[in-house]
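Scroll down for the structure; my scribbles are underneath it.
Along the sequence shown, residues are numbered consecutively beginning with 1.
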Amino acid sequence: MSFSWENAFCNIKEYSGLDPENLEPSSISVQTLEELKRYLDFVHIKYCLLKPYFESSDYPLVEARELLPSFESDMFEYGFLPGFSMVALSRPLNYFSEPFQFDILHDIQNSKDTGACPLEQNIYRQNLKTFLERLPKPYQDEFRKAFNRKDFTDLSQYPRLLPKLLSLDRAHVMAKNADGKFHLAGIYASFPSDLDTEIKRFGLRIKKFRIGDNAMYERNRNFVFQFLMELYGYPIVSERRTSSALFARRLHAAGEKFLIRALGQSDRTLTSLYSHPSQRRYPRVQKIALVQVDEKQKEALTRLGRGRYFVDKANRVVILRVTYRQHGYSQDNIRQDRALSVLRQEIIHPYSGRPNPNINLLKDATNLVVRLNDITKGEYQGRTVYKRNEVVENTDSHEKRLKFLFSWLSKHQRRIIAYSDEFYSYVVKVLDTYLLDPDNSEVFNSMNELFQEVWSKYSYIQQARKAQILDELQHRNFRGKKISYQDMLVQTNAILHELKFEIVNYFDQLVQNVIGIGEHILSDPYLVRSYIRRKDEELTPYGLEIKKNYGRLVSLVDEFKAIRKSRSDMENKELSTTE
């Protein structure tokens, strides 16, 4: 039997297959955020992802790589797809005191406290009137017939009500009633978004801004904006998703238990931000999308087919849910821009709804290398976004390949820096083979600016990879093993010596990190006390060797400081000349 969206989650008996015709009033009793999220996951997947997919011949499937941080900006708005935002608060609403604007809907159990008429039919009429005032006129007659004299705030009515909620411009609201059960508590909500204040406050906290320093603000604003948004699961995107992210930030700071969810017509992805016991600094981020499995992932395809996980086997389409881990900003971290990483990925079974966490579609290093190889050979068929504002289709010219490479390296630079030596060696081999091929030199010279952009990105990754190794060495770790002080100094000196000749392409933050790591090693209390402050005649041959390598490290760190000072003086001179 082939899968159809109407059959989605038909084996989940507690929800009667999410069929509005079979759901009875009050048959969905949801009292915790976890229960609500589970129910909404299935409803939104069925009616906001699967239904549009099966009803549209050209539904734009999400590529798995789009769910890997850092997230790319959306270049297309698919107007025929649904989009919405919502918030759920794990408590009854206090209408006047809520920190956002919305039209309230009354629940019978709450009517005595709110001052609304306790007569059941009056409450239904009041709710109907509130909804109709916000609903576009073409949908009003149909809505009136479907929900006249009915309690459409009950969660059992949510699947039937959802098409109308999708036609509203603003968010809908869920909250608990007097019995502690969730219900639809409001519509037409506007999430507050004080973007300017949030960016400036966050930038000052991570020391990327200084009050009154316009040049520093201009230089770092985009980094701060992008990092802040990625912490909440987005690139720099539309107002709907930006306000959802910033409202989640506000609710989390206030200690609320909440769930915020948004579906963009451009990203085709259900993004949830919600309270979680293990999350203290930030709300948890999760995304759900219909993803096409790469045809080269043969083992994954076999396992998915055997388990009947495909919603469209011919096109290799599955429901993928990804949960992320946030990382606080650290100036000392080589991968400074890493705000988010994948914590867990699950394929959701289209009939039972059970998640399978054992199939890796995202963090497949082999697949990344194959994709890179296809790009350099001009065999990759697909699209990418170059510098956030240009869509590049396919790789049938060197110009397109270089733009694809720039985008690919920008997106995956954190993985290339952190993944295994074997993976890194493959990446270097593929890139060197293409970028250093003498047969390509003439065409690369004709587009030198673009080539230099790619080469600069590649150089940064090469240098950052070495700086990452230095970061491990300062803790006396090397290739996963604990090493001696002597080996730490020898390896550190060797890497610094190599780096010294590679910073023709200069990256100030990397040089700053390298200097910081070197100074941290040089100030190691045990090293200084046991070897450096002692006289030569008191040391063994081993101790003398450590002292000699320590001196070499002092010289190398001083050289890097001189390079940085020289570079800074040159930039200041150029700036004063320009002015």
Side-chain angles (χ1 to χ4, degrees), residues 63 65-66 68-76 218-223 225-226 230 235-237 335-337 367-417 423-467 499 501-511 567 570-571 574 578:
E63 290 188 45
R65 67 179 180 83
E66 293 180 57
L68 275 172
S70 58
F71 302 115
E72 298 172 359
S73 299
D74 309 312
M75 294 300 293
F76 297 98
E218 182 179 358
R219 189 165 60 249
N220 294 323
R221 189 191 77 92
N222 201 61
F223 174 90
F225 192 1
Q226 186 165 312
E230 189 173 313
I236 298 172
V237 285
R335 293 174 289 164
Q336 277 192 9
D337 60 340
N367 196 42
L368 285 175
V369 173
V370 170
R371 178 69 54 82
L372 175 63
N373 198 45
D374 287 347
I375 291 170
T376 59
K377 289 184 175 180
E379 297 172 357
Y380 180 69
Q381 300 295 311
R383 66 165 55 137
T384 193
V385 179
Y386 171 67
K387 289 190 172 181
R388 296 201 192 102
N389 59 14
E390 181 184 346
V391 177
V392 183
E393 300 272 1
N394 303 327
T395 53
D396 51 12
S397 71
H398 284 290
E399 181 183 6
K400 289 182 178 180
R401 287 179 219 174
L402 289 174
K403 288 179 177 179
F404 256 88
L405 277 180
F406 183 87
S407 300
W408 191 91
L409 291 171
S410 298
K411 182 172 181 62
H412 297 295
Q413 70 176 28
R414 300 189 315 229
R415 289 170 196 87
I416 302 170
I417 292 166
F423 169 76
Y424 180 69
S425 67
Y426 280 132
V427 170
V428 169
K429 182 179 178 181
V430 172
L431 289 172
D432 283 353
T433 299
Y434 178 63
L435 297 175
L436 300 177
D437 186 348
D439 293 340
N440 294 336
S441 59
E442 187 175 341
V443 68
F444 288 160
N445 285 336
S446 68
M447 51 186 77
N448 185 59
E449 186 176 345
L450 178 57
F451 177 80
Q452 290 303 324
E453 284 179 347
V454 175
W455 188 258
S456 178
K457 185 68 70 175
Y458 182 29
S459 297
Y460 176 87
I461 289 168
Q462 290 176 305
Q463 292 179 35
R465 176 85 179 184
K466 288 186 171 67
L499 263 177
F501 296 103
E502 290 180 9
I503 56 177
V504 174
N505 285 307
Y506 179 86
F507 306 100
D508 185 69
Q509 188 59 58
L510 278 181
V511 173
R567 188 78 182 200
M570 188 186 307
E571 288 177 357
E574 289 174 357
T578 304

Does any N or O in the side chain of Asn373 come within less than 3.5 Å of the main-chain N or O of Val369, such that one atom is a donor and the other an acceptor?
-> no
Within a strict 4.5 Å, meaning less than it, do heavy atoms of the Val427 and Leu368 side chains meet?
-> no
Tell me, do Leu431 and Leu405 make a side-chain contact under 4.5 Å, heavy atoms counted?
-> yes
Sequence neighbours excluded, the answer for salt bridge (Lys or Arg N to Asp or Glu O under 4.0 Å) partners of Asp508 is Arg564
Tyr426 OH: over 12 foreign heavy atoms closer than 6.0 Å = no
Side chains of Gln463 and Asn505 in contact at under 4.5 Å (non-hydrogen atoms) | yes
For Glu63, the side chain to side chain donor-acceptor pair (under 3.5 Å) test, sequence neighbours excluded, returns Arg65, Tyr380
Any donor-acceptor N/O pair, Arg383 side chain to Asn394 backbone, under 3.5 Å | no
Just how far is it from atom OG of Ser410 to atom CD1 of Ile461, taken to the nearest 0.5 Å?
-> 7.5 Å
Distance-minimising heavy-atom pair for Ile417 and Arg465 | O-NH1, 3.1 Å
ring-ring contact (aromatic ring centres under 6.0 Å, His included) evaluation trace for Tyr506 with Tyr460 | CA-CA 8 Å; Tyr506 179 86; Tyr460 176 87; over 10 Å; no
Name all residues meeting the salt bridge (Lys or Arg N to Asp or Glu O under 4.0 Å) criterion together with Lys466; count only those two or more places apart in sequence or in a different chain, and write none if there are none.
-> Glu498, Glu502
Check whether any side-chain N or O of Ser446 sits under 3.5 Å from a backbone N or O of Val443 as a donor-acceptor pair, and report yes or no.
-> yes
With Gln452, which of Asn448, Val454, Leu450 fulfils side-chain contact (heavy atoms from CB on, under 4.5 Å)?
-> Asn448
With sequence neighbours excluded, tell me which residues meet salt bridge (Lys or Arg N to Asp or Glu O under 4.0 Å) with Asp437.
-> none
Please assess Ser70 against Arg414 for the test side-chain contact (heavy atoms from CB on, under 4.5 Å), listing each intermediate value before the final yes or no.
-> CA-CA 9 Å; Ser70 58; Arg414 300 189 315 229; 4.0 Å; yes
Provide the closest heavy-atom pair for Ile416 versus Trp408 in the form atom of the first, atom of the second, distance.
-> CD1-CZ3, 3.5 Å
If you measure from CZ on Phe507 to OG on Ser459, what distance do you get to the nearest 0.5 Å?
-> 5.5 Å
Passes side-chain contact (heavy atoms from CB on, under 4.5 Å), Thr384 versus Val391? Steps please.
-> CA-CA 6 Å; Thr384 193; Val391 177; over 6 Å; no
Report the C-alpha separation of Asp374 and Thr395 in whole Å, then their side-chain angles, then the decisive distance to 0.1 Å, and conclude whether the side-chain contact (heavy atoms from CB on, under 4.5 Å) test is met.
-> CA-CA 9 Å; Asp374 287 347; Thr395 53; over 6 Å; no
For the residue pair Phe404 and Arg371, establish whether any side-chain heavy-atom pair is separated by less than 4.5 Å.
-> no
So, the side chain of Asn440 versus the backbone of Tyr434: is there a donor-acceptor pair under 3.5 Å, distance only?
-> yes
Is the CD atom of Glu393 crowded by more than 12 outside heavy atoms at less than 6.0 Å?
-> yes
Determine, using ring centers only, whether Phe406 and Phe451 are less than 6.0 Å apart.
-> no
Should Thr376 and Thr433 be marked as a side-chain contact (heavy atoms from CB on, under 4.5 Å) after you check the CA-CA gap, both sets of side-chain angles, and the distance that decides it?
-> CA-CA 9 Å; Thr376 59; Thr433 299; over 6 Å; no
Quick one: does Pro235's side chain get under 4.5 Å of Glu72's, heavy atoms only?
-> no
Mark yes or no for whether Arg415, through its side chain, and Lys411, through its backbone, hold a donor-acceptor pair below 3.5 Å.
-> yes
Test ring pair (Phe, Tyr, Trp, His ring centres under 6.0 Å) applied to Tyr458 - qualifying residues, sequence neighbours left out | Trp455
His412 NE2 to Ser407 OG distance, which is reported to the nearest 0.5 Å = 10.0 Å
In short, salt bridge (charged side-chain N to carboxylate O under 4.0 Å, His left out) pairs touching residues 394-403 with sequence neighbours left out are Glu390-Lys403, Asp396-Lys400, Glu399-Lys403
